[in-house]
Amino acid sequence: MESSIQPLQKMRRYFESGATQPYAFRKQMLEALRNAITQYEDELMQALYADLKKNKEESWVTEIGFVQAEIRHALKHVHRWMKPQKVATNLLNFPGKSFVYKEPLGVVLIIGPWNYPLQLLFAPLVGAIAAGNCVVLKPSEFATATAAVMKRLIKQIFAPEYILCVEGEGAQVVPDLMNNFRFDHVFYTGSTAVGKAVYEMAAKQLVPVTLELGGKSPCVVESDADLKVAARRIALTKFSNAGQMCVAPDYVLVHRSAKDVFVRELISAIKRFFSEEPSSNYNYGKIINERAFNRLIKYMEQGRVIYGGKTDMSLHYIEPTLLDDVPLDATVMGEEIFGPVLTVLSFENFDEAKSIINRNSNPLAFYVFTSNKEKEERWLREVPFGGGCVNNASWHLTNFNLPFGGRGASGIGAYHGEYSFAVFSHQKAVMKTPTWFDPAVKYPPFEGKLKLFKKIIR
Ligand code: NAD
């Protein structure tokens with residue numbers, strides 16, 4: 001174990017030297033990352049195509065451009081984020097002044113999944129650099145082409161004692177790292193099952209964690225929704241990246257009276273976006289590997305296929321597929337689908353729909369399509385969820401002013417923009433008290449001062 005720990009000890013020493021803390025350093029490193037991503041853009045696009053058949057436009061919007069926008073946002077604001085923030089001081093501490101200092105955490109570990117292999121590793125990295133940390137990056141072993149390019153990119157621009165990319169099988173590499181070194185924070189994106197294992201390892205050394213997990217994200221379509229727009233927006237994000245998106249609509253609950261029209265619109269949107277033959281369509285992706293493919297095939301057997309259903313293992317291809325007549329106790333209604341299979345259920349009233357959603361509580365995302373403000377508010381208030389949209393799906397994650405994360409089984413903590421900076425910073429409370437005012441009343445003997453204390457401290 002000695003060999004894999006030595007580089008981490010070097011990182012610890014590098015962090016303790018203070019080298020990562022000055023604003024000029026953070027800015028320079030963010031700029032280096034931005035320039036390297038530009039330099040590697042073609043290679044990254046080729047790798048994303050090899051791993052997931054992502055086209056260039058999708059790769060830009062959801063991966064490369066997404067990270068570049070995070071960097072741009074951080075470069076614009078990091079100087080302000082770093083400044084100690086002055087807060088009010090209470091009467092008891094008059095004439096003191098109070099501040100929140102933003103202190104880097106130290107050496108942090110970022111573990112990424114394979115579905116957005118660049119975005120989900122590098123977006124948290126931007127926050128960690130902006131906050132002044134040293135970082136170990138662990139990309140997923142399943143998006144191998146993208147992981148290889150990212151590793152080269154990181155090695156080219158960053159010293160290994162500052163940012164280190166470690167490849168390998170997660171079940172082996174991550175415990176080796178976490179059980180033999182105390183990280184100051186672990187930022188994990190991936191499945192809930194592995195998230196629990198990471199949390200357990202972190203708990204042994206009281207390491208704080210951010211867990212960006214999965215879950216079943218429902219989509220409610222009310223009878224008063226603009227059904228054409230709802231269908232287009234749901235089809236776009238459900239079948240983008242062949243449904244392998246953590247915030248993709250997992251299933252649709254459509255009002256019974258609108259179901260037929262909605263399904264017709266959904267099918268027409270799918271055909272327009274991906275053609276009648278998505279297997280060879282530029283806009284349509286592929287399933288990451290055989291294991292995921294076989295899991296999805298099983299789900300397709302649990303209901304009546306009303307659209308799609310074609311598959312080809314040699315291409316890792318599953319057609320955009322709509323399922324009807326799915327029993328609520330089927331596994332496809334209990335597990336996250338994470339693929340291009342969409343279950344369409346109908347409901348009669350609010351309570352019926354809510355009880356279906358409650359079977360898998362605290363989804364990562366929730367979407368409601370309606371033109372009625374009261375229904376909109378009721379849904380937003382009564383369903384606990386990580387983040388979501390009204391009359392849209394998944395796009396909330398592209399606004400850096402919103403925190404992105406889950407709750408309950410879908411995650412712990414949130415990031416993006418300033419929230420990422422906060423994840424990788426300690427908020428250090430500091431009170432500065434001048435010496436010119438030092439009344440005797442604060443000191444013993446206390447006898448007889450209770451009335452005064454009651455006045456000051458309430
Ligand atoms: P995964 O849990 O299999 O792997 C994620 C990472 O964990 C990989 O880097 C892997 O190497 C590592 N890992 C695997 N086994 C490990 C172990 N035993 N101990 C420690 N680390 C281990 O997840 P995945 O299949 O790559 O991603 C799919 C899941 O991720 C879905 O559930 C999806 O919803 C979720 N996800 C969530 C978000 C989000 O932002 N909330 C984003 C993308 C994906």
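The chain is numbered in sequence order, starting from 1. Whatever order the structure lists ligands and atoms in, that order sets their numbers, starting from 1.
Ligand 1 has an N or O atom lying under 3.5 Å from an N or O atom of Leu213, backbone or side chain. Considering backbone and side-chain atoms together, Tyr415 places no N or O closer than 3.5 Å to any N or O of ligand 1.
Among Lys428, Gln427, His426, the one residue that satisfies the side chain to side chain donor-acceptor pair (under 3.5 Å) test with Glu103 is Lys428.
With hydrogens left out, the protein atom closest to atom 22 (C) of ligand 1 is Val194 CG1, 3.4 Å, a heavy atom.
Of the listed options Phe338, Tyr116, Trp114, Phe404, Phe404 places a heavy atom closest to atom 40 (O) of ligand 1. The option with the heavy atom closest to atom 12 (C) of ligand 1, from among Ala197, Gly195, Ala414, Gly170, is Gly170. Residue nearest to atom 15 (N) of ligand 1, selected from Gly190, Ala171, Gly387: Ala171 (by heavy-atom distance). Taking each of Ala147, Cys246, Ala365 in turn, the one with a heavy atom nearest to atom 36 (N) of ligand 1 proves to be Cys246. Summarising the contacts of atom 29 (C) of ligand 1 with Gly112, Pro139, Ser191, the nearest heavy atom is found in Ser191.
Near Lys138, meaning under 4.0 Å from one of its heavy atoms, ligand 1 places the atoms 9 (O), 11 (O). Annotation for ligand 1: atoms under 4.0 Å from non-hydrogen atoms of Glu212 are 37 (C), 38 (C), 39 (C), 40 (O), 41 (N).
A side-chain donor-acceptor contact under 3.5 Å links Thr38 and Gln68. No donor-acceptor contact under 3.5 angstrom links the side chains of Arg233 and Asn392, judged on distance only.
Ring orientation note: the planes of Phe404 and His416 are close to parallel, at an angle under 30° on the 30°/60° scale. Ring planes of Phe66 and Phe400: perpendicular class, angle over 60° (limits at 30 and 60°). In this structure, Phe347 and His255 have perpendicular ring planes: the angle between them is above 60°, well past the 30° mark. Relative ring orientation between Trp81 and His73 is described as tilted, the plane-to-plane angle lying within the 30° to 60° band. Classified by interplanar angle (parallel below 30°, tilted 30° to 60°, perpendicular above 60°), the ring pair Trp114/Phe338 is perpendicular.
When non-hydrogen atoms are compared, ligand 1 lies under 4.0 Å from the side chain of Leu364 (C-beta onward) but not from its backbone. Heavy atoms of Glu336 found under 4.0 angstrom from ligand 1 belong exclusively to the side chain. At a heavy-atom distance under 4.0 Å, no atom of Thr192 approaches ligand 1. Under 4.0 angstrom from ligand 1, the non-hydrogen atoms of Thr189 come from both its backbone and its side chain.
Residue Phe142 places every heavy atom at 4.0 Å or more from ligand 1. Proximity of Ser140 to ligand 1 is established by a heavy-atom distance of less than 4.0 Å.
The shortest non-hydrogen separation linking Val326 to Gly303 is CG2-CA, 3.9 Å.
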